[in-house]
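Step one of this worksheet: look at the structure below.
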Amino acid sequence: MLHRVLSIGWACHGGILLAALGGGGCTQDHDLLGRDPPGAASTSGAGGGTGATGSGATATGTGGGDAVEPPGPTKLTVVNGVGDHDAVRFCFLAYPDGTGAGVEPWPSGGAGLAFARARVIDPLGAAIPEGTSVRAHVIAGDLGETEGLDCAEILALAAEPAAPIVASGLPVLPAPVFAEEKSLLLVATGCLGGEGHTHAKEKQGCGDAYTVDTPTAGLVAVAMSRRTTFGKVSLQVAHASAAAPLVNVRLAPGRAELSAVAVAQDLSYGAISPFPPFAGLSRGDLGAIEEVEIETYDPLAATVTSSVPMREILANSDVSADSITDGLGFVLVAVGAAPGAGRGGFWHPLTYALLWADP
């Protein structure tokens, strides 16, 4: 049985950080979150692993001093990074007055959005209330029980004893976020908990703050860069694992004669880096895309802590190997457990969602 409705505390430092949308003169985009409603739980928006911080965390990228982010229409990509369930649905409610009555959950249908999968909400009005701040609620468990229900009914169901679903309210997104001419990324993170979601090594899967009574569901909200480089593949990495510490991320090309190259340095939870995007390799340099490895390193010990093959990443992505070409930009979103955490628990191991930076 699952029977928890949670109210997760705000995940950023300093309230609404709209300045982070600008990009220019900064090596790193920060979060776009506003404060949670008064009375919400004091837990941070994602629990965080050892060395992790809230969504206001920064990471040093490369360059950025005079970089200018190109304008474009507002786009919104949503990633499911909830690490202890196979799929989720969302209720995007107007804040502070939205009750969910008459609001359809997203995505439609009981299958939901699978772990480490991304989907673009287009048009925005199909799921996002217009002209208001928005609070997302993430729902997991037996999603078949949510079919045919509106969001008010789903949240009421989650509050019942022995409910078949769990639901968690996430930090508030201020209204101006959705008016920015940016490519926006929202990632539901951490663990929602539920029956049997306890383990001796649960903090490796869900973050240091996790217990079955204190889940770590949270939200990472950042802007992806639309900058590209002629003759190169542009790449950013977003850290959306509530269990992972500060990491360096490297890419090992699918060519034996080429060594791994650093893509993002000192990447902390809630950060997307670098800005401008990494553009050190062409498509030819990457070699066989399926043989590329994405590695995390301990910034202090310089030891490899995880290695995820691109073959696995592509299997969960709408981005195909053939679509990775020069002159385009992509984002890797780290989700799941801490680097090196085994598969023996109830959580998903560390992996990446691969998506277009400008869908």
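Looking only at side-chain heavy atoms (C-beta outward), L185 and L355 come within less than 4.5 Å of each other. Counting only heavy atoms from C-beta outward, the side chains of P164 and L157 approach each other to under 4.5 Å. Counting heavy atoms from C-beta on, the side chains of V335 and T351 come closer than 4.5 Å. Annotation: side chain of V103 is not in contact with side chain of C91 (no heavy-atom distance under 4.5 Å). Side-chain contact between C206 and T216 is present, with at least one heavy-atom pair separated by less than 4.5 Å. Counting only heavy atoms from C-beta outward, the side chains of F115 and N316 never approach each other to under 4.5 Å. With a 4.5 Å cut-off on side-chain heavy atoms, P107 and R119 count as touching.
Separating the CD atom in E291 from the CZ atom in R255 is a distance of 13.5 Å, to the nearest 0.5 Å.
Checked by atom type and distance alone, the side chain of K182 never pairs as donor or acceptor with a backbone atom of M224 at under 3.5 Å. Judged by distance alone, with hydrogens and angles left aside, the side-chain atoms of S183 form no donor-acceptor pair with the main-chain N or O of R226 at under 3.5 Å. Proximity of a side-chain donor or acceptor of H239 to a complementary backbone N or O of A334 within less than 3.5 Å is not detected. With S133 contributing its side chain and Y95 its backbone, the two residues share no donor-acceptor pair below 3.5 Å.
Applying the salt bridge (charged side-chain N to carboxylate O under 4.0 Å, His left out) criterion to R283, with sequence neighbours excluded, gives no partner residue.
Within 6.0 Å of CD in E147 there are more than 12 heavy atoms belonging to other residues, nucleotides or ligands.
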- Task: Apply the test side chain to side chain contact (heavy atoms under 4.5 Å, CB included) to residues L286 and L251: give CA-CA distance (whole Å), side-chain angles for both, the deciding distance (0.1 Å), then the verdict.
- Result: CA-CA 9 Å; L286 291 172; L251 182 151; 3.6 Å; yes
- Query: So V261 and F278, side chain to side chain contact (heavy atoms under 4.5 Å, CB included) or not? Walk me through it.
  - Reply: CA-CA 10 Å; V261 295; F278 170 82; 3.8 Å; yes
- Task: Begin with the C-alpha distance, continue with both residues' side-chain angles, and end with the deciding distance and a verdict on side chain to side chain contact (heavy atoms under 4.5 Å, CB included) for R117 and D318.
- Result: CA-CA 8 Å; R117 294 304 297 260; D318 291 331; 2.8 Å; yes
- Task: Evaluate side chain to side chain contact (heavy atoms under 4.5 Å, CB included) for L354 paired with M310, printing each intermediate quantity in order.
- Result: CA-CA 9 Å; L354 176 65; M310 186 63 76; 4.2 Å; yes
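Criterion: ILVMFWY side-chain heavy atoms under 4.5 Å apart, direct or through other members. Under it, Y297 and I313 are not part of a common hydrophobic cluster. Under the 4.5 Å side-chain heavy-atom criterion for Ile, Leu, Val, Met, Phe, Trp and Tyr, L350 and V304 are members of distinct hydrophobic clusters.
Considering V249, L246, T296, N248 in turn, V249 is the only one that fulfils the side-chain contact (heavy atoms from CB on, under 4.5 Å) rule with L267.
S234 and T228 form no side-chain donor-acceptor contact under 3.5 Å, judged by distance and modelled atom types alone. Remark: the T211 side chain and the E202 side chain contain no N/O donor-acceptor pair separated by less than 3.5 Å.
Closest non-hydrogen pair, S323 versus W356, comes out as OG-CZ2, 3.7 Å.
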